[in-house]
Amino acid sequence: MRLIRLLAPLLCAALLSLTPPAQATDETPISLADKTVTLTPTPAFQYVAGADTQAFLSRHWQGRPLAGGAGLGLLVPVGSAPDPAWLVALSYDGSGHVSDLDAGRLDADALLSALKSADSGGSRLTGWAQPPVYDGASHTLIWATRRQADGGGVDGLDYHARLLGRRGVLGLDIAARMNDLPAIEGQMPALLSMLRFTPGNGYRDYVPVADQSVTLGLSGLVAGDALVKGGLLDHLWNGIRSQNFIYLMAVLIVMLGAPRLRRYWGPKPPPAPKQDQAPPAPRPPPPFDGPKGPWS
């Protein structure tokens, strides 16, 4: 009996070790950009944290350039090891809210001309792989450019996506080849579904005047400084039509016009007496009509 009591815990531990672990139904979201964004991993992509980005790139990317910054880490398609054909660089720019008021005025030809004029990289930009397209429901801007290598044909691809938030913009940048474009476009809905702004940090949570904004616009997200060099007046006009500028001007107009409105529509004060006019003489007392005494 004593032997059975001693062996029972060992038998239970052995049975538990043979039982396969339970599969988690939901992946735990990863907090990014000071809890502004959450990343929910999926089995289709491997997440490389920002601290491990350089080590991963030096080991598996072989010095190839990225299409953008990777301050928040990388998303690598599973099954492309050891060296992936393409990967997603994640970044966040929290310098201010970017308005989408110019969504209906995205001029693809002008933006491409500005990008070409500012292009000074080793591979030459030749055109759009996908002109800029903005989804107003999800506040997502997507565009892609084609590049020509030094001695080859048009095979380079830079694919970009921007998710607009309350105080900044979340960026997804993909460096690949043109033959990877169908695979990237097929995976893009899954990639976008993995990333979410936390409650209170979405585009619709923006508070005019109280929150900082930048006069960049969607065109500025695509072309950046090239837009300023190629069309400064257009960039300034987009800034003038930005949300914060409009709200600030409305507040200033109300503040400056309030005293004048009160002067015309408010209660009128009583008129002040004129300085050169003498005050009216006091009235004489009324005559006394009472009974007369013996001394009268």
(message) Check this for me: Asn179, atom CG, are more than 12 non-hydrogen atoms of other residues, nucleotides or ligands nearer than 6.0 Å?
(response) yes
(request) Mind checking the CE-CZ spacing from Met178 to Arg147? Nearest 0.5 Å is all I need. (result) 13.0 Å
(request) Report yes or no: does Ser113 contribute a side-chain atom to a donor-acceptor pair with the main-chain N or O of Ala110 at less than 3.5 Å? (result) no
(request) Go through the steps for Val76 and His60 under the test side chain to side chain contact (heavy atoms under 4.5 Å, CB included), then give the verdict. (result) CA-CA 11 Å; Val76 184; His60 300 289; over 6 Å; no
(message) Please determine whether residues Leu125 and Val222 belong to a single hydrophobic cluster, defined as Ile, Leu, Val, Met, Phe, Trp and Tyr linked transitively by side-chain heavy-atom distances below 4.5 Å.
(response) yes
(message) Check for me, please, whether Leu195 and Leu87 land in the same ILVMFWY cluster - side-chain distances under 4.5 Å, paths through other members count.
(response) no
(request) Under the side chain to side chain contact (heavy atoms under 4.5 Å, CB included) rule, what do Asp158 and Asp173 come out as? Steps first, then yes or no, please. (result) CA-CA 7 Å; Asp158 289 344; Asp173 299 288; over 6 Å; no
(message) Would you say that more than 12 heavy atoms from the other residues, nucleotides or ligands in this model lie under 6.0 Å from the CZ of Arg177, or not?
(response) no
(message) Treating Ser58 as the side-chain partner and Gln54 as the backbone partner, does any N or O pair qualify as donor plus acceptor under 3.5 Å?
(response) yes
(request) Say whether Met188 and Leu170 are linked into one hydrophobic cluster, either directly or through other cluster members, by side-chain heavy-atom distances under 4.5 angstrom. (result) yes
(request) Determine yes or no for a side-chain-to-main-chain donor-acceptor pair under 3.5 angstrom, with Asp102 supplying the side chain and Ser219 the backbone. (result) yes
(request) May I ask you to decide if Arg166's main-chain N or O and His97's side chain share a donor-acceptor pair within less than 3.5 Å? (result) yes
(message) To the nearest 0.5 Å, what is the distance between CG on Leu172 and CZ on Arg162?
(response) 8.0 Å
(request) Taking all non-hydrogen atoms of both residues into account, name the closest pair between Leu163 and Phe197 and its distance. (result) O-CZ, 3.5 Å
(request) Evaluate the side-chain proximity of Leu75 to Met194: yes if any heavy-atom separation is below 4.5 Å, no if none is. (result) yes
(message) Whether the side chain of Trp86 engages the backbone of Asp180 through a donor-acceptor N/O pair (distance < 3.5 Å, no angle test) should be reported.
(response) no
(message) For Ala49, is there any backbone N or O sitting under 3.5 Å from a side-chain donor or acceptor partner on Thr53?
(response) yes
(message) Please give me the minimum heavy-atom distance between Ser95 and Val214, naming the atom from each residue.
(response) O-CG1, 3.8 Å
(request) Let me see the working for Trp61 and Phe56 under side chain to side chain contact (heavy atoms under 4.5 Å, CB included), right down to the final yes or no. (result) CA-CA 7 Å; Trp61 197 240; Phe56 181 90; 5.7 Å; no
(message) With a 3.5 Å distance limit and no angle check, can you tell me whether Asp34 reaches the backbone of Thr36 through a side-chain donor-acceptor pair?
(response) no
(message) Same cluster or not: Leu39 versus Leu72, using hydrophobic residues (I, L, V, M, F, W, Y) connected whenever any side-chain heavy atoms lie under 4.5 Å apart?
(response) yes
(request) Please report the shortest heavy-atom distance between Ile184 and Ala176, naming the atom on each side. (result) CD1-CB, 3.7 Å
(request) Using the side chain to side chain contact (heavy atoms under 4.5 Å, CB included) rule, take Tyr134 and His139 through it: C-alpha gap first, then chi angles, then the decisive distance, then the call. (result) CA-CA 7 Å; Tyr134 180 70; His139 303 285; 3.0 Å; yes
(request) May I ask you to decide if Gly200's main-chain N or O and Arg204's side chain share a donor-acceptor pair within less than 3.5 Å? (result) no
(message) Quick check for you: to the nearest 0.5 Å, what is the distance between Thr145 atom OG1 and Gln130 atom CD?
(response) 11.0 Å
(request) State plainly whether one hydrophobic cluster holds both Val48 and Ile174, where clusters connect Ile, Leu, Val, Met, Phe, Trp and Tyr through side-chain heavy atoms under 4.5 angstrom apart. (result) no
(message) Can you confirm whether the side chains of Asp100 and Tyr203 place a donor and an acceptor under 3.5 Å from each other?
(response) yes
(message) Main chain of Ile30, side chain of Thr38: is a donor-acceptor contact present, judged purely on distance under 3.5 Å?
(response) no
(message) Using the side chain to side chain contact (heavy atoms under 4.5 Å, CB included) definition, which of the options Thr40, Leu74, Thr42, Leu32 pairs with Tyr47?
(response) Leu32
(request) State, with a plain yes or no, whether a side-chain heavy atom of Asp205 is found less than 4.5 Å away from one of Asp211. (result) no
(request) Compare every heavy atom of Leu111 with every heavy atom of Pro132, then report the nearest pair and how far apart it is. (result) CG-CD1, 4.1 Å
(request) Work out which heavy atom in Leu141 is nearest to a heavy atom in Leu218; give both atom names and the distance. (result) CD2-O, 3.8 Å
(message) How close do Asn201 and Lys35 get, counting heavy atoms only, and between which atoms?
(response) ND2-O, 3.9 Å
(request) Flag the pair Trp143 / Pro131 as yes when at least one side-chain heavy-atom distance between them is below 4.5 Å, and no otherwise. (result) no
